[in-house]
There are 2 protein chains.
Amino acid sequence: MGSISTLTQTAVTLTDQAYAALRMDILNGKLKPGFKLRVEHLKGLYGTGASPIREALSRLTGDGLVHAEGRRGFRVGRVSRSELFDITKMRTLLECHALKESIDKGDDAWEAGIMAAFYRLSKLDSRLLLASPGEEWEVRHKEFHTSLVSACDSRWLQAHRQNLFDQSERYRRIALSMKNSDRPVPEEHKAIMTATLARDSETACTLIGEHFNRTAEAVSRTALIED
Amino acid sequence: MGSISTLTQTAVTLTDQAYAALRMDILNGKLKPGFKLRVEHLKGLYGTGASPIREALSRLTGDGLVHAEGRRGFRVGRVSRSELFDITKMRTLLECHALKESIDKGDDAWEAGIMAAFYRLSKLDSRLLLASPGEEWEVRHKEFHTSLVSACDSRWLQAHRQNLFDQSERYRRIALSMKNSDRPVPEEHKAIMTATLARDSETACTLIGEHFNRTAEAVSRTALIED
DNA sequence: TAGCATTAATCTATCGATAATATTGCATCA
DNA sequence: TGATGCAATATTATCGATAGATTAATGCTA
């Protein structure tokens with residue numbers, strides 16, 4: 001999956017751009033689940049020829065965000081309640097493992113990184129309060145969660161963890177479409193951070209699991225097809 | 001990754017064929033780590049034009065088997081000791097989780113499937129004895145391991161588990177190139193099966209972990225570059 | 001002769017066109 | 001009227017050609 005392949009620090013090709021743009025639009029929910037991805041149409045939309053588009057779609061196939069049916073073109077990956085819970089379960093497994101390892105190995109810089117990320121997120125939380133969180137909140141939220149597990153040095157675990165984070169985000173954005181729920185998410189984040197910095201793996205993992213599950217439950221209550 | 005995307009039951013395109021063939025050749029070790037994948041060259045080798053080859057390579061990028069460097073083409077993914085152990089660790093995590101779930105949920109058909117797969121594998125083991133295991137052994141070996149976790153119904157876990165199995169196989173085939181080690185692999189398989197059928201998760205997971213680690217150790221002792 | 005710049009050769013990424021396949025609409029028949 | 005087969009249309013997968021970038025080779029300068 002794109003998140004596995006080591007990022008290229010070399011020239012950016014049109015394929016790379018198309019890949020990034022399409023990925024973003026699918027995760028955003030701008031391109032809806034099951035939507036037919038007609039190459040001729042996307043060509044105009046992203047300003048390239050057919051080849052870069054097709055290659056980008058092929059790559060996204062590996063991420064599980066696009067589905068290719070032989071001779072019938074591409075579609076945005078569909079969503080279902082059962083898959084949402086499947087993803088959440090898998091995500092919890094990886095996240096807890098990464099978190100434990102991080103707690104075992106983390107040094108001062110790691111601790112500082114968490115506190116900084118939390119500070120930036122909570123600053124935004126209090127400023128927004130009831131306003132809908134935008135692009136910036138998504139970024140800081142992701143950075144906070146990433147900072148927690150950043151002392152885990154397994155590249156594969158990190159890559160898969162990140163991919164699952166993105167998958168979950170897709171579900172969240174599709175369902176909640178920017179309107180945050182009424183539960184006290186900032187407090188949950190704080191509790192997770194506190195347990196983590198106290199090096200209490202047990203509690204931290206439990207809290208993370210609940211954190212993920214609550215979101216999944218909220219998402220699953222909205223109108224998603226199938227299962 | 002290709003193993004994530006639900007298999008298409010529709011028409012097989014040239015891209016699909018090229019993807020399957022390339023994947024096979026990389027996992028086999030026929031295409032060696034770091035090898036430059038020149039499209040012009042592969043065209044002739046797999047009997048298609050450039051587009052299907054490029055799309056197949058793009059997909060393989062997602063599996064982590066091919067590395068794309070912008071404007072500098074594709075290469076077979078490199079290998080290193082550190083990555084081998086990283087993969088093994090991750091693999092053990094997923095496999096044990098899947099195995100536990102399987103042991104919890106498995107019914108009679110699951111048990112029967114394991115015994116059948118084990119029987120087929122051991123039949124071949126005793127016939128081969130010291131001969132080098134070929135294509136058939138690889139298939140039955142994979143089937144045996146798959147049968148153990150087949151009662152786990154998480155599609156994501158299964159897909160990632162399978163991908164990691166393939167990654168490990170690549171390392172094994174590159175390093176051991178068909179010559180099996182001198183350790184009693186058949187006995188290890190038997191012990192794993194016994195613990196699994198006895199529904200003893202704890203023991204089964206320990207044995208599986210050791211099983212994986214022994215292979216990794218053996219592989220890492222051969223001449224692999226880096227780290 | 002070592003280092004640098006410039007040109008030549010090679011390869012990659014991308015485009016536009018085409019053949020093969022799937023889908024749609026329509027007419028026919030039971 | 002509903003189903004079935006056929007023709008017209010639209011799309012997909014694939015090819016061959018080309019522009020653009022990279023690497024290798026060459027010659028020039030100090």
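Order of the sequence lines sets the chain letters (A, B, ...), proteins ahead of strands, with each chain counted from 1.
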Any ion pair linking D125(A) and R140(A) (charged N to carboxylate O, less than 4.0 Å)?
no
Give a yes or no on whether a salt bridge exists between D16(B) and R59(B), defined as a side-chain N under 4.0 angstrom from a carboxylate O.
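R59(B) and D16(B): salt-bridged.
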Provide, to the nearest angstrom, the distance between the [atom1] atom belonging to [X] and the [atom2] atom belonging to [N].
X      : N       : atom1 : atom2 : value
L14(A) : dA19(D) : CG    : C1'   : 12 Å
K43(B) : dC11(C) : NZ    : P     : 13 Å
L42(B) : dA13(C) : CG    : P     : 13 Å

Sole candidate of F165(B), F118(B), Y119(B) that passes ring pair (Phe, Tyr, Trp, His ring centres under 6.0 Å) when paired with F144(B):
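Only one of F165(B), F118(B), Y119(B) forms a ring pair (Phe, Tyr, Trp, His ring centres under 6.0 Å) with F144(B), namely F118(B).
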Go through the structure and list residues passing side chain to side chain donor-acceptor pair (under 3.5 Å) with R54(B), not counting sequence neighbours.
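So R54(B) forms a side chain to side chain donor-acceptor pair (under 3.5 Å) with E55(A).
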Between T15(A) and dT14(C), is there a side-chain N or O to OP1/OP2 distance below 4.0 Å?
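Checking dT14(C) against T15(A), a side-chain N or O does come within under 4.0 Å of OP1 or OP2.
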Please check if any side-chain donor atom of W156(B) sits under 3.5 Å from a side-chain acceptor atom of E83(A), or the reverse.
yes
Categorize T13(A) for me: base, sugar-phosphate, or nothing, with a 4.0 angstrom heavy-atom threshold over every strand shown.
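It contacts sugar-phosphate atoms only.
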Mind checking the CG-CG spacing from L65(B) to L22(B)? Nearest 0.5 Å is all I need.
10.0 Å
Taking only N/O atoms, report every protein-nucleotides 10-12 of chain D pair under 3.5 Å with atom names and distance.
unit_1  : atom_1 : unit_2 : atom_2 : d
dT12(D) : OP1    : K36(A) : NZ     : 3.2

